[in-house]
Amino acid sequence: MTLAFVEDSPSAVPLFVVDQDICDSWLEQQAAPVQNWARSNGFSGALGQALLVPAADGTPERALLGYGSVAKRARKRFPLAEAAAKLPKGDYRIVEGLPDDSAAREALGWLLTGYAFDTYKATSGNTARLVAPANVDASAVQALAQAEQLTRDLINTPAADMGPQELEDATRDLAARHGGAVSVITGDDLLTQNFPMIHAVGRAAASAPRLIELRKGTTGPKLTLVGKGVCFDTGGLNLKPGASMGLMKKDMGGSANVLGLTQLILDADLPIQLRVLIPAVENAVSGGAFRPGDVLTARDGKTVEINNTDAEGRLVLADALAWAQEDAPDLLISMATLTGAARVAVGPDLAPFYTDHDADAQALAAAAPSQADPVWRMPFHTPYETMIEPQIADLDNAPAGGFAGSITAALFLRRFAGDTRYMHFDIYGWSPSAKAGLSKGGVSQGVRALFASLPDMLSLES
C-alpha cells in the first residue's frame, strides 16, 4: 500500500486533538453527551489516548486524540501518531487542536504509522487513514512518506531478494519513473575501468559486484550522492558470528537512504545536476575472497592494507568517492551503515554526520527538528589521521586499538574525497523496536533533514 492521504468525504470521522494541559477546560465547552462520554471513559488528553464518541445510532460522531503535555511530546518523534495508531480502521479528518507549526510533521507521522512490510504476508494490515490537514502541503508530506517507504522496503527485503542485481533493478526503476539515466559497470569490467577495491570486496560472491550510476539534470549545482550497497556482509574471511550476521541484510542501508533522498529530489524536480553512485556488492566467503594482510590499490592510486575483511564498506566507498570527486561536484555526500562505533556513540535514533563546512552543518541541524529527523555532528578530528596509517601501505582499513572507530572510518573516506566539499553519514538504518511512526526494521536517517537543507547548501532559489 502506498502511503498517502485520502480524499475528504462525509464518512470521514471528525477528529479533535486535545492538549492534556487544557483538556478539562476544553471538555467543559463541549456538549453534554461528548463531555460525559469522555469523562466516563477516562479521557484526559494524555499522550496516546484515542477515544471514539458515538452518535445516537452507534456510529462514530467524532474521535478524540490525546496530545499530552509539552514535556511528554518532547519525548516522542511523532506524538500524534501515538494515538492515531490506536484508532480503528476508517477515514479521519482533523478539525481542531493540531498546532500549525507541527501539522506537517504530525501528518507525516500519521502516514508512516500506516507502513507495514508485508511483501511476504498473505494479507496486509488495516490502518486509520487521514484526510490531509488544511494547513499542510499534502503532496510534499506524501513525497516524504513515500521516500521513507522506498528506503524501508529496500532495507527490509532479505538479501536473497535484494542482492547487487536487485539493487541495480531498483535504481533503474527509480530513474525510469523520473527520466534519469543509469549506467552500470559490472564484474571484471570494474578492473578494466579501474575500480579495483569494489571488485576485490565483491568478487567472492555469486552475484557480480557492480558500480551503479544514476544521472539526472544538466544545469545547476552539481550534487553527488554515494551510498554503500553491501547487500549482505558475512564479514568475509574475518567471519562474523551468527548473532552479528542476523541484521546484515541492512548493510546496504546507505544506498537505500540515498535512493530515498534521490526520489525526493526527483519528485521535487530540484534544478541541479544530480549524480548517484552505488557500489553494490556482497561480502561473501569463497576461494576468491580477499584476505587479511592483502594490500589493495584504490582507483586513485592509494594503497590500503587489509587488517580486517569485515571493514569492507569503506573500501567500496573509497573507489566510488575517488570517481565522484573527479567530476568536481559542488557537494559530495556519502551515506553508509559503516561502524558499530557510531551506534555506541549516539544510539540507533541519531544520524551522526561529518563535515568540515560549518555552514552545511548549521543548515542541516536547523532543518532536522521540523523534519523529525534527528542528526548529530561528529568531528573530522585530523590528529587521528595517524591511526589509519599503517607501516606498509598508505592506509589501514581497520586500525587496531578500538578507539574512535567512527571517526577513523570517516577520516579514511575523506582521503578519497580530495578537496571536494564533503559530508559523510555513518547511519544505523534500523529501528530495533516499534515506535509510533517507526516500525521495527529498516528506516531512513538524515534523508529528510538533508532534503530540507539542500536549497541552503546549494544556494537554490526558493
Side-chain angles (χ1 to χ4, degrees), residues 5-6 8 12-55 58-115 126-136 138 141 144-145 347 349-350 368-374 431 433-440 448:
F5 296 113
V6 294
D8 199 0
V13 178
L15 192 151
F16 295 77
V17 179
V18 184
D19 189 300
Q20 186 172 8
D21 292 335
I22 63 168
C23 183
D24 285 339
S25 61
W26 184 85
L27 284 174
E28 290 173 0
Q29 300 173 29
Q30 307 308 306
V34 174
Q35 184 176 157
N36 293 337
W37 184 262
R39 294 192 188 282
S40 64
N41 281 278
F43 183 81
S44 64
L47 190 66
Q49 284 189 321
L51 179 66
L52 290 181
V53 179
T59 60
E61 184 269 333
R62 66 176 65 189
L64 310 182
L65 292 189
Y67 203 40
S69 63
V70 172
K72 292 293 186 182
R73 291 195 293 273
R75 296 166 64 97
K76 302 293 182 179
R77 193 179 300 193
F78 299 110
L80 190 65
E82 291 281 328
K86 299 175 183 176
L87 289 171
K89 180 181 178 181
D91 296 347
Y92 297 85
R93 179 181 65 254
I94 297 174
V95 297
E96 184 181 301
L98 184 62
D100 287 346
D101 60 359
S102 58
R105 174 170 54 86
E106 298 290 18
L108 173 63
W110 186 305
L111 292 185
L112 294 180
T113 297
Y115 175 82
N126 296 326
T127 106
R129 304 186 302 175
L130 181 65
V131 175
N135 52 349
V136 305
V141 173
L144 292 173
D349 286 354
L350 289 165
S370 66
Q371 302 300 312
D373 193 15
S431 177
S433 59
K435 304 174 186 176
L438 292 169
S439 55
K440 181 178 179 179
R448 293 191 298 274

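There is no side-chain donor-acceptor pair under 3.5 Å between E61 and W37.
In this structure, CG on L98 lies 6.5 Å from CG on N135, to the nearest 0.5 angstrom. With rounding to the nearest 0.5 angstrom, the CG atom of L27 is 6.0 Å from the CD atom of Q35. Separating the CG atom in L112 from the CG atom in L144 is a distance of 8.5 Å, to the nearest 0.5 Å. Within the model, atoms CG of L51 and CZ of R62 stand 11.0 Å from one another, a figure rounded to the nearest 0.5 Å. How far CG of D21 is from OG of S44: 10.5 Å, rounded to the nearest 0.5 Å.
The two residues V13 and A63 come nearest to each other via the heavy atoms CG1-N, 3.8 Å. Heavy-atom minimum distance, P88 versus A128: O-CB, 3.7 Å. In terms of heavy atoms, G437 sits closest to T113 at N-OG1, 3.5 Å. Among all heavy-atom pairs drawn from A50 and A83, the shortest one is CB-O, 3.6 Å. Contact between A81 and G109 at its shortest, heavy atoms only, is CB-O, 3.8 Å. L47 and P79 get closest at one heavy-atom pair: CD1-O, 3.6 Å.
With Y67 as the partner, the side chain to side chain donor-acceptor pair (under 3.5 Å) test is satisfied by one option alone out of K72, Q49, E106: E106.
The closest side-chain heavy-atom distance from V136 to L108 is not below 4.5 Å. Looking only at side-chain heavy atoms (C-beta outward), D24 and R39 come within less than 4.5 Å of each other. No side-chain heavy atom of D19 sits under 4.5 Å from any side-chain heavy atom of W26. Using a 4.5 Å heavy-atom threshold, the side chains of S431 and K440 count as separate. Between V17 and L15 there is a side-chain heavy-atom pair separated by less than 4.5 Å.
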Next item on the list: In sequence, state the C-alpha distance, the side-chain angles, and the governing distance for I94 and L80, and then conclude on side chain to side chain contact (heavy atoms under 4.5 Å, CB included).
Entry: CA-CA 11 Å; I94 297 174; L80 190 65; 4.1 Å; yes
Margin query: As a quick check of understanding, evaluate side chain to side chain contact (heavy atoms under 4.5 Å, CB included) for Q30 and L64, giving each step before the final call.
Written below: CA-CA 12 Å; Q30 307 308 306; L64 310 182; over 6 Å; no
Item checked: Working for side chain to side chain contact (heavy atoms under 4.5 Å, CB included), residues E82 and K76 -> CA-CA 9 Å; E82 291 281 328; K76 302 293 182 179; 3.4 Å; yes
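Between the side chain of W110 and the backbone N or O of F78, no donor-acceptor pair lies under 3.5 Å. In this structure, the side chain of R448 does not engage the main chain of S370 through any donor-acceptor pair within 3.5 Å. For N41 (side chain) and F43 (main-chain N/O), no donor-acceptor pair under 3.5 Å exists by modelled atom type.
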